[in-house]
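Written out below as structure tokens is the structure these notes cover.
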Amino acid sequence: MKTVNPDDAAQQQFIQADVDRKPIIMVNLLRFRDLADYGGGGPAISGREAYNRYARGVLPLLWETGGQLLWQGHVRTTFIAPDGECWDEAALVYYPSRAAFIRMVTSAPYQEVMKHRTAALDDSRLIETRTRRLPKAILGVARGVVRLKGLVWPRLE
């Protein structure tokens, strides 16, 4: 099922559910339209260009929340997925809390720039994740094992 924006019920459920102050990372999976769809009144541009307009408008709003784009990349292939499921781009976006994310997406400036996202996308997924902190001792041991392994066994090319 193609989904670009949440329906009203899903949006209300997300806003009212367990809003806390813990950091989140939103996983974004994006499939662009060949041509952006502004409902007959917009520019004749590609979906990717419309999404770039969204990104230029949303980045300052993201930074105002204390958030940041952690990583973004073009999808080359999907190794494990249902038949026919494919994505053009994936991104990881950090927010200091769910409350910060909600504050951004419900703001008037975001509502204005969101038209470019809606016009750009044929399908999308937005998945909220919470980071899991590992004790520093475990991370230190893991780094040591990786370094030792690199000295003992050559890397595969």
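Throughout, residue positions are numbered sequentially from 1 according to the sequence presented.
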Below 4.5 Å, heavy atoms only, C-beta onward: do Val27 and Leu92 meet side chain to side chain? yes
The single option from Ile102, Leu62, Ile25 that satisfies side-chain contact (heavy atoms from CB on, under 4.5 Å) with Tyr95 is Leu62
When you look at Glu49 and Arg56, which way does the salt bridge (Lys or Arg N to Asp or Glu O under 4.0 Å) test go after all the steps? CA-CA 11 Å; Glu49 177 56 31; Arg56 285 190 299 272; 3.5 Å; yes
For Gly67, does its backbone N or O pair with a side-chain atom of Thr65 as donor and acceptor, under 3.5 Å? yes
Is it true that a side-chain atom of Asn28 and a backbone atom of Met26 form a donor plus acceptor pair closer than 3.5 Å? yes
What is the distance from atom CD of Glu85 to atom CZ of Arg125, rounded to the nearest 0.5 Å? 6.0 Å
Can you give me the closest heavy-atom contact between Leu29 and Ala90, atom names plus distance? CD2-CB, 4.0 Å
If I compare all heavy atoms of Thr78 with all of Cys86, which pair ends up nearest, and what's the gap? OG1-CA, 4.2 Å
With side-chain contact (heavy atoms from CB on, under 4.5 Å) as the test, would you mind laying out the steps for Val93 and Leu70 before giving the verdict? CA-CA 5 Å; Val93 183; Leu70 298 176; over 6 Å; no
Closest approach of Ala120 and Tyr51, non-hydrogen atoms and distance? CB-N, 3.4 Å
side-chain contact (heavy atoms from CB on, under 4.5 Å) between Glu64 and Ser107, worked out: CA-CA 12 Å; Glu64 285 176 17; Ser107 71; over 6 Å; no
Report the C-alpha separation of Arg130 and Arg98 in whole Å, then their side-chain angles, then the decisive distance to 0.1 Å, and conclude whether the side-chain contact (heavy atoms from CB on, under 4.5 Å) test is met. CA-CA 10 Å; Arg130 182 165 294 147; Arg98 179 188 270 203; 5.9 Å; no
Starting from Ile24, can I reach Tyr110 by hopping between I/L/V/M/F/W/Y residues whose side chains sit under 4.5 Å apart? yes
Quick one, Met104 with Val58, criterion side-chain contact (heavy atoms from CB on, under 4.5 Å). Give me CA distance, side-chain angles, the key distance, then yes/no. CA-CA 9 Å; Met104 184 188 83; Val58 83; 4.1 Å; yes
What distance do Phe32 atom CZ and Asp123 atom CG have between them, rounded to the nearest 0.5 Å? 12.0 Å
So, taking the atom named CZ in Arg48 and the one named CG in Asp34, what distance separates them when rounded to the nearest 0.5 Å? 11.0 Å
Check Pro23 against Tyr94 and note the closest heavy-atom contact, atom names and distance. CB-CE1, 3.6 Å
Show the nearest heavy-atom pair for residues Tyr38 and His116, with the distance to one decimal. OH-ND1, 2.6 Å
Given the rule that I, L, V, M, F, W and Y join up when any side-chain heavy atoms are under 4.5 Å apart, are Ile45 and Leu35 in one cluster? no
May I ask you to decide whether Arg31 forms a salt bridge with Asp88, counting only side-chain N to carboxylate O separations under 4.0 Å? no
Straight-line distance of Tyr54 OH to Thr118 OG1, nearest 0.5 Å: 9.0 Å
Can you check whether Val75's main-chain N or O pairs, donor with acceptor, with Glu89's side chain at less than 3.5 Å? no
